[in-house]
Protein chains: 2
Amino acid sequence: MTPVASSIDPDACAVRIIDHDKVATARARMISDGEAQQLTELFRLLGDPTRVQILYALVEVGELCVCDLAAVVDAPETSVSHALRLLRTAGVVRNRKSGRMVYYSLNDAHVRLLLDVSAEHLRHEPNQW
Amino acid sequence: MTPVASSIDPDACAVRIIDHDKVATARARMISDGEAQQLTELFRLLGDPTRVQILYALVEVGELCVCDLAAVVDAPETSVSHALRLLRTAGVVRNRKSGRMVYYSLNDAHVRLLLDVSAEHLRHEPNQW
DNA sequence: ATGACATCTGAAGACATGACCATATGTTGC
DNA sequence: GCAACATATGGTCATGTCTTCAGATGTCAT
């Protein structure tokens, strides 16, 4: 056959594809880059013991000030404050000021759902995802 | 008992507590350190665009080989292989060898549920957690 | 056996992240 | 105003993570 052109695939640069159908299906249903970005940002926020414990504490008691959160998760208040800023910037928690205290609470039920699903699994099959 | 103990709190070192009841409740219901550790390890795995896209691809089409996954997520095969090793070590995916190909698939329905909950939220309220 | 192929592995560099300290801001009560 | 307090912020430093490269392993076809 054509000695030069037959092996060149227009949009596959140095990536070989075995099952074109599955690849096409997966690409069609794949989340967009922007969505993947948003998702990973959330999961990164949840990927820290201090932050995840803060969120669980808020799930349980609804609203807590910084120093109480520090007592609950047993971390320095500065660390908790930093953690809360990240969570607040991402829109995961909100804060309410009352005098010199600042009370934090969850901002969205979906995060609560995520944490519940995760905790649920932990209790049932602790050693396997 | 100890004569001078009234102001000394046994396990609170230099942490002031405002609402003792809420703190006690939160501490009682708090996930353990080990559980927090496991949870954060999972969320860290999900906190990377390549890995999360790989998982979504597997959710959609069930099983894919490394080079097809690389085509779907548009990343070098080496990166995908590294990503898959982390996911496999954590028990999130499993692999099946067939000749020189290696096919990967999800290992647990709970991760699928987590991804579904997340994607669901992304579609409904894309800008707020 | 030889070469082409699919995947894996280890290591090095760029890069991001978390912990800690000092300090700044804003609030309350005197 | 001043001092004590609750929280926030910025900088530095050590640590960890992702990407990439070069090469290793195991498989298939000739």
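From a predicted model like this one, the values you see are computed outputs, not experimental measurements. Labels below follow one simple rule: chain letters A, B, ... track the order of the sequence lines, proteins then strands, and each chain is numbered from 1.
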Less than 4.5 Å apart, side chain to side chain, heavy atoms only: is that true for [X] and [Y]?
| X | Y | result |
| --- | --- | --- |
| L55(B) | V93(B) | yes |
| V23(A) | I18(A) | no |
| Q53(B) | D33(A) | yes |
| Y104(A) | I54(A) | no |
| L106(A) | V59(A) | yes |
| L42(B) | L46(A) | no |
| N95(B) | L84(B) | no |
| T25(A) | E60(B) | no |

task: Return the angle between end axes of the helix from dA1(C)-dT30(D) to dC30(C)-dG1(D), with five pairs used per end and rounding to 10°.
output: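 End-to-end axis angle: 30°.
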- prompt: Any link between L87(B) and Y103(B) through a network of hydrophobic side chains (Ile, Leu, Val, Met, Phe, Trp, Tyr) touching at under 4.5 Å?
  reply: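 Shared cluster, no.
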Close N or O pairs between protein and nucleotides 11-18 of chain D (under 3.5 Å):
residue, atom, partner, partner atom, Å
dT17(D), OP1, R44(B), NH2, 2.8
dC18(D), OP1, R51(B), NH1, 3.2
dC18(D), OP1, R51(B), NH2, 2.8

Positional range of nucleotides in DNA chain C within the contact set of chain A, heavy-atom, under 4.0 Å: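 Terminal contacting nucleotides, 5' to 3': dA6(C) to dT28(C).
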message: Under 4.0 Å, heavy atoms only, any strand: does Y104(A) hit a base, just the sugar-phosphate, or nothing?
response: sugar-phosphate
- request: Among the candidates dG10(D), dA6(D), dT20(D), find the nucleotide nearest to the side-chain atoms of M101(A).
  value: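 Selected nucleotide (nearest to the side chain): dA6(D).
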- line: Of dG26(D), dA6(D), dT7(D), the nucleotide closest to the side chain of V102(A) is dT7(D)
